[in-house]
Trainee: 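Would you mind keeping the following structure in view while I ask a few things?
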Amino acid sequence: MSRPKDASRPQARKPRGFPDKSAAMLAAERELVDAISAVYHRWGFDALDTGPFETVEALGKFLPDTDRPNDGVFALEDDDGSWIALRYDHTAPLARYVAEHRAGLPKPFRRYAAGPVWRNEKPGPFRFREFIQCDADAVGVAGPAADAEMIAIAAEAMEAAGAARGEYQIRVNSRLALDAVMEKAGVSDPAQRGTVLRALDKYDRLGREGVELLLGAGRKDESGDFTKGAGLAAEKAGLLLDFAMARAGSRAETLSGLRQLLAGNNTGERAIEEFVQIDEVLTALGVDDAAAAFDPSIVRGLDYYTGPVFEAELLRPFKDADGNEVRFGSVGGGGRYDDLVARFTGEQVPATGFSVGVSRLAAAMAAEAGGAAVGPVVVLVMDRDRVAESSAMAAELRAGGVRAETYLGSSGMRAQMKYADRRNAPAVVIVGEDERARGVVTIKDLKAGAEAAAGVEDNEAWRNERPGQFEAPCSEMVSRIREIVERA
RNA sequence: GCCGCCUUAGCUCAGUUGGUUAGAGCGCUAGAUUGUGGAUCUAGAGGUCUCCCGUUCGAACCGGGAAGGCGGUACCA
């Protein structure tokens, strides 16, 4: 009866966060990668692939806990006892590459990379442990003009990804400005600065009240878990909150607000000057207020960035598989990282870059599109002894540029039709005794057939009508099929 | 990592105050249909009720633990 449990039999279960990808998903990913890469290429970046693994030392400084190299990254011990790990982004490998080959590289060095990255952390909906990033970086360029250009590229990449202007926004801030406001608020302890930055970063999600709690005593979330706050006095927290909320209707308006907030502080003056230059270049490049805004609540990771930082936000909501609206928020980010190469060489090399998370975008678009990918034309086999004839017809279709396959299963016609339907085939080709006798082929347009059948309730009528079906001379088979495929 | 909720057929879910053979819809397979995907009707396959331990004469149901899932939160280079 019931099979005995066999301990040696593995469970057919895949690890979380590594989704199986359908044909539709793969097509969406490839389209996005191609479109975004084309933008980078057009702006003068060269493609470079550094492979999936780096030494943990190369990724090292930014590991959360160097004693446990498997935390955060996927690491394994090499045969010489050293540890290597899968890259968690494209920027750290680039820094290593530049340091390793600095003598032979043109300066500035402009490079783009597209491929999977891996993060060993808790996955969630639209959040994976393996995902594709499309990354562009300019190494050896200092100054806000280079950052402004990256922002313009980010905007163009979003539009190439299918977000019209107004459906996305690049939100720009600066570490300098954050430093300035923390200086003014008297926050100097490194640990406290970290807590403050993390709190400000949550403004989007928690709003002013939530951030206020995190800057002060702390906050209890709805599950009852408590997060300790930065312990700031209300007055200091107020200044930080005013800063985080300083985004106004346009870059110019935000700037004038920041001028007042940061007045009388040296770092603040420098931050303002940086914003002014970025704004000028953005305007010159045609990046308007809808495409890129100054937003002081943008923080991004802690250790890595040294100047301007920015995030690409998708404003258009998507529907998930259950029809619920999903707001995506950030689908890409970047900024200036002047110290990353210096880790290897000791010599400071200024750099700025931007990266798009393609997998989330593709997952969203595929989920919304919902449908399966269009399948091949299926040539049915009516007479098992004449498989070769079907094979020849399928070959003729392929030679004519049509994706086609011969049905090679062992079932009857009904099952073959069901197979074609399930494959989402645009059409089937039927040649049985009748057709052979008259030198014709029967072609059935499955999509037209399904539409025409929607109103037919009577089985006999359905069978007589054979909706979507017609005969054609053998010589016209390829051209008639192509008409159908092109319409699909 | 921490907190909360959940787990019965491929999917969505009923069910039993603990009592012989556990249900529905959808899906799947086959037939009605001799050469036709839809619709309709009929039949069939598919479950140690997530797992382990305990309480009990008896557990899918009660208790404890584990695993997995969902949500929140922390971290996110």
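Given the structure is predicted, the values throughout are model-derived calculations rather than measurements. In what follows, chains are A, B, ... by sequence order, proteins preceding strands, each numbered from 1.
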Trainee: Return whichever of A:Ala454 or A:Val431 has its heavy-atom-nearest nucleotide of RNA chain B closer to the 5' end.
Mentor: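 Per heavy-atom nearest nucleotide, the more 5' residue is A:Val431.
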
Trainee: Cut-off 3.5 Å, side chains only: do A:Gln133 and A:Asp89 have a donor facing an acceptor?
Mentor: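 Judged by distance alone, the side chains do not pair up.
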
Trainee: Is A:Gln469 touching bases, backbone alone, or none of the nucleic acid, heavy atoms closer than 4.0 Å?
Mentor: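 Here A:Gln469 touches the bases of the nucleic acid.
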
Trainee: What about A:Arg127: does its side chain form a donor-acceptor pair under 3.5 Å with the base of B:C76?
Mentor: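 It does, because a donor-acceptor pair links the side chain of A:Arg127 to the base of B:C76 below 3.5 Å.
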
Trainee: Using atom names, set out every protein N or O paired with an N or O of nucleotides 30-34 of chain B below 3.5 Å, distance rounded to 0.1 Å.
Mentor:
none

Trainee: What is the nucleic acid contact for A:Glu435, judged by heavy atoms within less than 4.0 Å: base, sugar-phosphate only, or nothing?
Mentor: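 The answer is base, as A:Glu435 lies within the cut-off (heavy atoms under 4.0 Å) of a base atom.
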
Trainee: Under 4.0 Å between a side-chain N/O of A:Arg423 and OP1 or OP2 of B:G37, yes or no?
Mentor: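 No, no such contact exists.
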
Trainee: For the residue pair A:Ser411 and A:Tyr419, confirm or rule out a side-chain donor-acceptor distance under 3.5 Å.
Mentor: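 The criterion, which ignores hydrogens and geometry beyond distance, is not satisfied for A:Tyr419 and A:Ser411.
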
Trainee: Can A:Trp462 be said to stack with the base of B:A39, given centres closer than 5.5 angstrom and planes under 30 degrees apart?
Mentor: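 Not stacked: fails the 5.5 Å / 30° test.
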
Trainee: Tell me whether the OP1 or OP2 atom of B:G69 has a side-chain N or O from A:Arg16 closer than 4.0 Å.
Mentor: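 Yes, A:Arg16 has a side-chain N/O under 4.0 Å of OP1/OP2 on B:G69.
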
Trainee: Mind checking if A:Gly449 touches a base, just sugar-phosphate, or nothing, with heavy atoms under 4.0 Å?
Mentor: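 Base, at least one base atom sits under 4.0 Å.
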
Trainee: Across all strands, who's sitting opposite B:G68 as a Watson-Crick or G-U wobble pair, both distances under 3.5 Å?
Mentor: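 Matched B:G68 with B:C6 under the 3.5 Å cut-off.
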
Trainee: Would you measure the distance from the C1' atom in B:C26 across to the matching atom in B:G69 and give it in whole Å?
Mentor: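 Result for the C1' pair: 22 Å, nearest Å.
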
Trainee: Can you tell me, in whole Å, how much space there is between the C1' of B:A45 and that of B:A9?
Mentor: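 So the two C1' atoms sit 11 Å from each other.
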
Trainee: Without hydrogens or angle criteria, can the side chains of A:Thr352 and A:Asp147 be said to hold a donor-acceptor pair below 3.5 Å?
Mentor: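 A donor-acceptor contact under 3.5 Å links the two side chains.
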
Trainee: Using the C1' atoms only, state how far B:G37 lies from B:U73, rounded to an integer number of Å.
Mentor: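 My reading of the C1' atoms in B:U73 and B:G37 gives 49 Å.
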
Trainee: Tell me what A:Leu380 touches on the nucleic acid: a base, only sugar-phosphate, or nothing, going by heavy atoms under 4.0 Å.
Mentor: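 No contact at all - A:Leu380 keeps every heavy atom at 4.0 Å or more from the nucleic acid.
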
Trainee: Quick one: is B:U73 close enough that its OP1 or OP2 comes under 4.0 Å of any side-chain N or O from A:Arg205?
Mentor: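 True: A:Arg205 side-chain N/O within range (under 4.0 Å) of B:U73 OP1/OP2.
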
Trainee: Reckon A:Glu460 touches a base, only the sugar-phosphate, or nothing at all at heavy-atom distances under 4.0 Å?
Mentor: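 No contact.
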
Trainee: Which part of the nucleic acid, if any, lies within contact of A:Ala450, taking any heavy atom under 4.0 Å across all strands shown: a base, the sugar-phosphate backbone alone, or nothing?
Mentor: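 Counting heavy atoms under 4.0 Å across all strands, the contact made by A:Ala450 includes a base.
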
Trainee: Suppose we call two aromatic rings close when their centres sit under 6.0 Å apart. Are A:Phe354 and A:Tyr337 close by that rule?
Mentor: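 No, the ring centres sit 6.0 Å or more apart.
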
Trainee: How would you label the contact of A:Lys202 with the nucleic acid (heavy atoms, under 4.0 Å): base, sugar-phosphate, or nothing?
Mentor: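 Sugar-phosphate, backbone atoms only, no base.
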
